[in-house]
Amino acid sequence: MTTPLQTGQCGLCAHFGEHSGSEQLVQIRTSKQAPADLTDACGHPKLADVNLTVTAISGCDGFEPAAAA
């Protein structure tokens with residue numbers, strides 16, 4: 001089951017999975033839909049020390065829109 005993503009959610013953030021570069025990530029950003037249980041690393045510089053893993057539907061104040069595919 002996929003969930004629609006909105007601006008501000010991790011699946012559309014430049015930091016979500018930025019080091020994995022998976023094809024699935026491109027599809028998520030293009031379709032703006034993601035599995036609700038999908039997790040990946042958050043690469044936000046302020047959170048690097050904690051090795052944070054988040055879902056695509058999570059969000060935080062450090063949101064930066066991902067570049068257009």
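Rounding to the nearest 0.5 angstrom, the gap separating the OG atom in S22 from the CG atom in D40 is 6.5 Å. H44 contributes atom NE2, which lies 10.5 Å from atom SG of C10 (distance to the nearest 0.5 angstrom).
The side-chain hydrogen bond (donor to acceptor under 3.5 Å, both in side chains) test applied to S58 returns T55, not counting sequence neighbours. Applying the side-chain hydrogen bond (donor to acceptor under 3.5 Å, both in side chains) criterion to T3, with sequence neighbours excluded, gives no partner residue. Under the side-chain hydrogen bond (donor to acceptor under 3.5 Å, both in side chains) criterion, Q27 pairs with no residue at all, not counting sequence neighbours. Checked against side-chain hydrogen bond (donor to acceptor under 3.5 Å, both in side chains), T2 has the following partners two or more places apart in sequence or in another chain: Q33.
For the side-chain hydrogen bond (donor to acceptor under 3.5 Å, both in side chains) condition, the pairs that include at least one residue of residues 8-19, sequence neighbours left out, are H15-E18, H15-E64.
For the pair G62 and C13, the tightest heavy-atom approach, listed with the atom from each and the gap, is O-SG, 4.4 Å. The minimum heavy-atom distance linking P35 with Q24 is given by the pair CG-NE2, 4.1 Å.
F63 belongs to a hydrophobic cluster with L5, L12, F16, L25, I28, L38, L47, V50, L52, V54, I57, counting contacts under 4.5 Å between side-chain heavy atoms of Ile, Leu, Val, Met, Phe, Trp and Tyr, direct or through other members.
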